[in-house]
Amino acid sequence: MRLSKYFLPILKETPAEAQIASHRLMLRSGMVRQASAGIYSWLPMGFKVLRKLENIVHEEQQKAGHIPLLMPTLQSADLWRESGRYDDYGQEMLRVTDRHGRDMLYGPTNEELITDIFRSSVRSYKDLPLTLYHIQWKFRDEIRPRFGVMRGREFFMKDGYNFDLTEADALHAYNRHFVSYLRTYERMGLKAIPMKADTGPIGGDYSHEFLVLAETGESEVFYDASVTDMTFGDRAIDFSDHAALQSIYDEWTTPYARTDETHDADLFAKVPGTAQRTSRGIEVGQIFYFGTKYSEPMNAVVIDESGERVPVHMGSHGIGVSRLVGALIEANHDENGIIWPEGVTPFHAGIVNLKQGDTDADAACEGLYQGLLAKGLEPLYDDREERAGAKFASMDLIGLPWRVTVGPRGLKNGVVELTSRRTGESEEMSPQAAIDRIAQIYGRA
RNA sequence: CGGGCUAUAGCGCAGUCUGGUAGCGCGUUCGUCUGGGGGACGAAAGGUCGUGAGUUCGAAUCUCGCUAGCCCGACCA
């Protein structure tokens with residue numbers, strides 16, 4: 001993309017309403033624009049990042065054997081009356097009435113709809129296990145939306161639901177989500193720590209929240225420092241192997257890691273003093289096993305081997321995709337702007353032409369641009385008639401991980417400069433070497 | 001929902017107390033010079049002062065109502 005042809009409304013000054021770094025930077029870098037309280041338009045670059053995250057979530061879910069579908073945003077109130085949640089949910093649920101006077105609602109979550117889909121089509125235990133998910137806009141009419149997309153009223157979320165014959169199978173589904181979530185966040189360049197979560201009135205031990213450590217996080221978290229060193233890495237996973245997934249689950253849940261909701265001071269005291277950490281975290285996902293809570297009242301049953309009608313065991317599992325954009329920025333920025341991890345960056349590299357209109361500089365930039373495109377990469381070429389300082393400031397603000405700087409001075413010696421946004425370190429090399437290096441970084445060599 | 005606050009040009013703000021021609025910086029447009037970290041000079045465009053009513057010869061300014069938004073708290077992916 002050539003910046004002169006793109007729509008990237010960068011702001012030099014920070015809009016007054018933005019308090020935290022991610023919100024400020026998203027507004028300044030032209031990623032989003034507030035439409036009304038807690039509701040945002042996603043401008044081209046923000047939309048690009050959102051789509052990248054969505055794709056990663058889709059890929060990792062499908063690797064785990066989970067099946068995508070798409071449910072609507074507007075739902076009939078009838079299903080919610082059936083589960084008993086129409087009255088329980090309160091004012092957080094946006095209720096609307098259609099022209100026939102029917103009660104509708106903008107879905108805050110989808111347990112009822114998915115259960116209805118399931119029960120109308122599945123009759124036999126032979127159709128289990130089944131895990132369906134979708135990534136769709138949700139609406140929760142928060143009393144006080146804030147922090148930009150981190151706590152909006154309208155938000156984009158992946159929510160998945162497993163249907164299993166037995167508790168043991170459902171817990172395997174729980175582990176599948178646990179492991180696939182670890183992989184998902186790691187691919188995004190995020191350190192998200194699974195923490196034992198509050199299960200609310202249902203009880204049991206089976207809920208974990210995934211938290212990204214950040215000063216601006218909403219929850220206070222307590223953990224053993226060793227969890228921050230754990231990486232999932234590239235290991236091969238057989239998602240149908242119960243024992244293998246259980247051992248990964250055990251591995252990750254052994255070190256102490258809890259939010260203030262489930263914090264146990266006595267247990268925490270047993271963590272070696274030097275490893276005890278207290279911090280703040282942003283919740284970016286949660287997994288939950290809730291047994292037959294919805295299947296019983298909504299009559300989601302299958303016939304088991306002995307011919308008995310039994311309610312299915314279910315769980316629900318969410319990843320806040322739009323929130324992740326904010327969380328990523330909270331975890332990856334400095335005083336000059338965003339620093340995108342390679343896995344989610346809106347463009348793979350920026351090309352800065354220091355002297356637009358200079359024959360050599362223009363030609364070199366064009367060569368770099370075409371060369372990167374040919375490698376299957378998306379460069380952002382700053383071909384505006386701006387001075388060097390303005391171009392550098394823009395690039396730092398939008399935070400592409402790699403920048404190629406092209407100017408007459410370097411070209412005299414046949415070199416351009418490749419700079420890491422994260423470390424600020426630069427290296428001079430030929431244009432072709434820069435193309436090859438960037439391609440290698442992104443595995444497109 | 002309780003408490004605090006804001007609304008004036010695309011963005012950041014002054015002007016309101018004490019009523020009298022609506023301003024500044026950034027950004028935008030044009031020109032000249034410049035050219036490796038938000039450059040200089042010159043010119044220009046851009047405003048129902050959130051909204052409705054009232055007071056007044058006259059309202060951005062005073063009064064009352066309404067709306068929208070922000071911050072702190074309780075609540076939440």
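Each chain gets a letter, A, B and so on, in the order its sequence line appears, and its residues count up from 1.
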Check whether any side-chain N or O of A:Arg144 sits under 4.0 Å from OP1 or OP2 of B:C72, and answer yes or no. yes

Of the nucleotides B:A74, B:C11, B:C70, which has the atom closest to the A:Pro15 side chain? B:C11

Can you tell me how far C1' in B:C64 sits from the matching atom in B:A74, rounded to whole Å? 32 Å

By nearest atom, which of the nucleotides B:G12, B:C70, B:G37 is closest to the A:Ala388 side chain? B:G37

Among B:C76, B:G36, B:G37, which nucleotide has an atom closest to any side-chain atom of A:Arg403? B:G37

Determine the contact category for A:Gln19: base if any of its heavy atoms lies under 4.0 Å from a base atom, sugar-phosphate if only primed atoms, P, OP1 or OP2 are that close, otherwise nothing. sugar-phosphate

Return each pair, listed once, that meets salt bridge (Lys or Arg N to Asp or Glu O under 4.0 Å) where at least one residue sits in residues 344-372 of chain A; pairs must be two or more places apart or across chains. A:Arg2-A:Glu366

Please evaluate residues A:Arg151 and A:Glu218 with respect to the criterion salt bridge (Lys or Arg N to Asp or Glu O under 4.0 Å), reporting the C-alpha separation (whole Å), side-chain torsions for both, the decisive distance (0.1 Å), and the verdict. CA-CA 10 Å; A:Arg151 178 82 183 278; A:Glu218 297 174 87; 3.4 Å; yes

Of A:Leu397 and A:Phe156, the one whose closest RNA chain B nucleotide lies more 5': A:Leu397

Ring-face cation of A:Arg258 near A:Phe222 (centre distance under 6.0 Å, axis angle within 45°): no

Tell me the partner of B:U21, counting only Watson-Crick (N1-N3 plus N6-O4 or O6-N4) or G-U wobble (N1-O2 and O6-N3) with both under 3.5 Å; none if nothing fits. none

Carboxylate-amine/guanidinium contact A:Asp334 A:Arg421, below 4.0 Å: yes

Is the distance between the ring centroids of A:His317 and A:His66 under 6.0 Å? no

Remember a base hit wins even if backbone is also touched, and classify A:Gly318 as base, sugar-phosphate or nothing at under 4.0 Å, heavy atoms. nothing

Pairwise C1' distance, B:C13 and B:C72 [rounded to whole Å]: 24 Å

Contact class for A:Glu417 (heavy atom, under 4.0 Å): base, sugar-phosphate, or nothing? base

Please state whether the phosphate of B:C76, meaning OP1 or OP2, lies under 4.0 angstrom from any side-chain nitrogen or oxygen of A:Gln286. no

Heavy atoms only, 4.0 Å cut-off, all strands: where does A:Ala393 land among base, sugar-phosphate and nothing? base

B:A53 versus B:C41 - spacing of their C1' atoms, nearest Å: 50 Å

Options B:G36, B:C75, B:C11, nucleotide nearest the side-chain atoms of A:Leu11: B:C11

Nearest listed nucleotide, side chain of A:Glu218, among B:G36, B:G12, B:C76: B:C76

Let me have a per-nucleotide readout for nucleotides 44-51 of chain B, 5' to 3', with B, S or -, counting only protein heavy atoms under 4.0 Å. --------

Output a table of donor-acceptor pairs, distance under 3.5 Å, between side-chain atoms of residues 36-48 of chain A and any protein atom two or more places apart or on a different chain; print 'none' if there are none.
unit_1	atom_1	unit_2	atom_2	d
A:Tyr40	OH	A:His23	NE2	3.3
A:Tyr40	OH	A:Gln34	OE1	3.2
A:Lys48	NZ	A:Pro346	O	3.1
A:Lys48	NZ	A:Glu378	OE1	2.7
A:Lys48	NZ	A:Glu378	OE2	2.9

Under 6.0 Å between the ring centres of A:His208 and A:Phe288? no

Hey, are A:Glu82 and A:Arg119 close enough for a salt bridge, meaning a charged N less than 4.0 Å from a carboxylate O? yes

Contacts of A:Tyr106 meeting ring-ring contact (aromatic ring centres under 6.0 Å, His included) (sequence neighbours excluded), chain-then-number -> A:Phe139

Please classify the nucleic acid contact of A:Arg153 as base, sugar-phosphate, or nothing, using heavy-atom distances under 4.0 Å. nothing

Under 4.0 angstrom, heavy atoms only, what part of the nucleic acid is A:Asp159 near: base, sugar-phosphate, or nothing? nothing

Checking all strands, does A:Arg33 fall into the base, sugar-phosphate, or nothing category for heavy-atom contacts under 4.0 angstrom? nothing

So, A:Arg183 and A:Glu186, do they make that salt bridge, N to O below 4.0 Å? no

In the strands shown, is B:A9 matched to any nucleotide by a Watson-Crick or G-U wobble pair with both distances under 3.5 Å, and which? none

Quick one: salt bridge (charged side-chain N to carboxylate O under 4.0 Å, His left out) partners of A:Glu111, sequence neighbours excluded? A:Arg85

Proximity to the side chain of A:Arg387 - top-ranked nucleotide from B:C76, B:G36, B:G39: B:G39

With 3.5 Å as the limit, what N/O pairs link the protein to nucleotides 25-32 of chain B?
unit_1	atom_1	unit_2	atom_2	d
B:G25	N2	A:Glu13	OE1	2.6
B:C26	O3'	A:Lys12	NZ	3.4
B:G27	OP1	A:Lys12	NZ	3.3

Using a heavy-atom cut-off of under 4.0 Å over every strand shown, decide if A:Gly38 touches base, sugar-phosphate, or nothing. nothing

Return whichever of A:Thr14 or A:Glu385 has its heavy-atom-nearest nucleotide of RNA chain B closer to the 5' end. A:Thr14

